[in-house]
Amino acid sequence: MIGHAVHRVDGPLKATGRATYAYEHWETGQPLYGFIVGATIGKGRISRIDTEEAERAPGVQWVMTYLNAPEQGPRDESIPFEYWRAQPEMTDADVHYFGQPVALVVAATFEQARAAADLVDVTYSTGRGRFDFGEFEDDVYIPKVVNAGLPTDTAVGDFDTGYAAAEIQIDQQYTTPYEFSLPIEPNSCMAAPDGEDLVVYVSSQIVDAAQASVAATLRMDPARVHVVTPFVGGGFGSKLGIHSETILAAMAARELGRAVKIAMTRQQVFQLVGMRPTSSQRVRLGAERDGRLTAIAHDVTMHTNPDIEYAEQTAATTRSLYAAPHRLTSHRLAALDLPRGTDVRAPGEAPGMLAVESAMDELAHTLGMDPVELRIRNEPTVDPERDVPYSDRHLVACMREGARRFGWENRPDTPASRREGRWLIGYGMSAAIRGHFQGPTTVRVRVGADGKAVVLTDMTDIGTGTYTILTQVAAEGLGLPLERVRVELGRSDFPTSWGSGGSWGATNSCSAADRACAALRTKLVEAACGDERSPLHGLDAAGAEFQEGSVRIGGASDELSDIVARSHPEGMEAEGQIRFMGDEPNYTEYSINTYGAHFAEVGVDADTAEIRLRRMLGVFSVGRVFNPITTRSQLIGGMIWGVGAALEEEAVVDPRSGAFVNRDFAGYLVPVHADIPAVDAVVLDGYDDKANPLGAKGVGEVGICGAGASVVNAVFNATGIRVRDFPITIEKILPGLPLLEA
């Protein structure tokens, strides 16, 4: 069943509204509702807070502020991953960013809570905040490491000497804005006390992190915190950790002894959940006239919150992408009084490749060389910085296959040279690379006396198809039809996983499930061959085959249901595990990545500068594919994100207050159906035996890596105008458009 185009097994539940998300649980009866009151300044202190009028409002049960909030545990910096740390809220009068929770109003209905929230009267003593990245871009510091524990800086060879000696030099600055994840389901939670325990229904990508974080914040035994999240309405990184709605709901529920439900409004999501940091990236390329790189440098400065450091690994991708003997990468942080940076889909690769792949296009144009050929000429044979072999690398195959399918030979050689009516037509391409990661994961598989299998893990499904691919893996592993496999996810009572995120979720959970099935097969065969009542008694277990719900050895067979009913009527089960990648030799001895190539065609209105994507193609190498349908969906989704990064997405900060001016979908633009015409994703056949036992690698993020650069490069090919401040908007190209005769 692995590799078959199986439709989502949870599709009927979602289509009929029976899939239960965090805000929709009613197991505890009628809950109370909370509404968060956010600070209206970006830096300072609360000098006075009056909640009396709000407390007298209809239906109000409690108003929590820093004056009466329960004591909470501090963030423990010794815990290596931020998402597992305590996340205290409303601990003092200090305000660190605009929108920071300063009060929580709990009432009988949502409407009552929201109305009473307007009655909380807060007076502030305003401090001078650091809000403008441009103003403080040069006031930076060096982080110890960047995201994922990667080194902050790297150097190979002698970049300054190599770059100075290069015949061709590219030295450009690229800027990317603040960007947000913004899944359809806003961050939400219902916390319900159960004696000394607490049940937390929360929209979370990593159940174990949510449990640990809630327990550490509330100073509880983690075993008494039960996290439930069977369905998550999208995450894209914004739900890897928990946020204020979860902590506030949990504190209120324990205080009131009632279930409390909180959902952020869309505007609150912009201020309270975190975002991709803005960045300024300097890319320098030194090359010979034949296009071969001799020197490459990628230096990044980005924003961080002064209290919670986040250093996106924006230059890290450059370390493995192209060959060059002289190399340099660096990351610097400018502390601003803004919400914390956080992982947004393809953290590091998405903004980093937007700059580097634009620079490669600039080099190709300077050389008068085909952009595909330039990249092929700089294909490394080993990882150029780690000096280890690649596990498998088919980037050149992706580019060649993509060029063939896209009709790249029809690309205009000269920018701004092709016109169809009022439209200037351009082609662009880019490469894609994304590191493959692995985290500790356990899956339990059980077969009952009815011959049906149940797969249990706290792994989450964030809309990516986890239920479906785990069903496929278990069905193949036990020789069962799909309808005889049930997958249960998203509960802290189940075996622990690293959840969904970082493109590791599918491969982690499926590899562990595959091992669990292998262990369970051994138990089943041993039980049958050792049982005098079984037709398989005394036969050689090495010849066992699992097919159609039975075990066969030679001409004899025994139903799984009969084997279990005779030997273990309560059911037979086994667990499978995979380890952290740092404990796996392959991740030290090989450079393990996914790859792709993007091709885009755009039209630019010669009169108005309106940019329209006309078509887009991505060709990818991701190892073995679990399910072509869900894989293609993930890749296309990532490509569309790339279009948004290139042309639309940009959060604007008010330099007076630190507030995001465009904190809703009316002002923060993302691609909609009318923006996205023909988009296709093709996956090359593959199997990476160094990545995991199944030979598969993640697909959730490689689709966005480099995608925006293909669109950016197509705009240049159409207009001859090079924009380096993203996104590309009308006012950035309109003044430079060539005057065309009617």
Side-chain angles (χ1 to χ4, degrees), residues 22 34 36 38-39 64-97 99-104 143-145 147 149 187-193 196-229 235 237-255 260 262 264 268 271-274 304-311 339-343 439 458 460 492 496 498-499 501:
I36 299 171
M64 178 169 52
T65 70
Y66 79 94
L67 296 171
N68 62 350
E71 185 179 355
Q72 301 163 68
R75 290 189 177 89
D76 184 353
E77 299 293 331
S78 68
I79 297 174
F81 298 105
E82 169 69 25
Y83 301 124
W84 276 259
R85 299 173 185 166
Q87 305 291 337
E89 295 287 345
M90 296 196 302
T91 57
D92 55 36
D94 291 335
V95 175
H96 300 276
Y97 59 91
Q100 174 187 315
V102 296
L104 175 74
K144 292 181 180 179
V145 295
N147 198 28
N187 298 73
S188 56
C189 173
M190 183 175 74
E196 295 298 315
D197 292 6
L198 185 69
V199 183
V200 182
Y201 305 89
V202 60
S203 187
S204 173
Q205 293 177 236
I206 308 177
V207 168
D208 186 55
Q211 181 188 43
S213 188
V214 170
T217 308
L218 272 59
R219 300 178 183 272
M220 294 180 64
D221 179 351
R224 291 196 172 277
V225 177
H226 307 278
V227 175
V228 180
T229 178
S238 67
K239 298 171 183 174
L240 288 170
I242 59 170
H243 298 282
S244 54
E245 88 290 343
T246 302
I247 295 302
L248 296 176
M251 289 195 295
R254 297 190 80 200
E255 177 73 19
V260 175
I262 302 175
M264 292 187 188
Q268 287 176 332
Q271 296 291 165
L272 297 179
V273 174
T304 190
N305 178 277
D307 303 306
I308 305 177
E309 181 181 282
Y310 177 78
R340 59 198 275 188
T342 192
D343 293 323
D458 75 359
T460 52
S492 56
T496 303
W498 248 35

Exercise. Do Q87 and E82 have side-chain N/O donor and acceptor atoms under 3.5 Å apart?
Worked result: yes
Exercise. Can you pull the side chain to side chain donor-acceptor pair (under 3.5 Å) pairs that have at least one residue in residues 198-210, sequence neighbours excluded?
Worked result: W84-D208, E185-S203, S203-K239
Exercise. For V200, which of I247, T229, V225, V228 qualifies under side chain to side chain contact (heavy atoms under 4.5 Å, CB included)?
Worked result: V225
Exercise. Where the side chain of S492 meets the backbone of V207, is there a donor-acceptor pair that is under 3.5 Å apart?
Worked result: no
Exercise. So how far is it from N187 CG to M264 CE, rounded to the nearest 0.5 Å?
Worked result: 5.0 Å
For this session: Using a cut-off of 6.0 Å, state whether more than 12 heavy atoms not belonging to E77 lie near its atom CD.
Result: yes
Exercise. How long is the span from the CD1 atom in I262 to the CD atom in E245, to the nearest 0.5 Å?
Worked result: 7.5 Å
For this session: Tell me yes or no: between the side chains of H96 and N305, is some donor less than 3.5 Å from an acceptor?
Result: no
Exercise. Is a donor on one side and an acceptor on the other found under 3.5 Å between the side chain of Q211 and the backbone of P222?
Worked result: yes
Exercise. With distance as the sole test, does Q268 use its side chain to make a donor-acceptor pair with the main-chain N or O of I36 at under 3.5 Å?
Worked result: yes
Exercise. Can you name the one residue among I242, L240, D458 that meets side chain to side chain contact (heavy atoms under 4.5 Å, CB included) with I206?
Worked result: L240
Exercise. What distance separates H243 NE2 from S238 OG, expressed to the nearest 0.5 Å?
Worked result: 6.0 Å
Exercise. Okay, side chain of Q72, backbone of A86: is any donor-acceptor separation there less than 3.5 Å?
Worked result: no
Exercise. Hey, does M64 have a side-chain heavy atom less than 4.5 Å from the side chain of E255?
Worked result: no
Seminar exercise, completed: Taking every heavy atom of S244 against every heavy atom of L272, the minimum-distance pair comes out as OG-CD1, 3.8 Å
Problem set entry | Backbone N/O of Y310 and side chain of R340: donor-acceptor pair under 3.5 Å | no
For this session: Report yes or no: does E309 contribute a side-chain atom to a donor-acceptor pair with the main-chain N or O of T304 at less than 3.5 Å?
Result: no
Problem set entry | Worked check of salt bridge (charged side-chain N to carboxylate O under 4.0 Å, His left out) between R224 and D197 | CA-CA 5 Å; R224 291 196 172 277; D197 292 6; 2.5 Å; yes
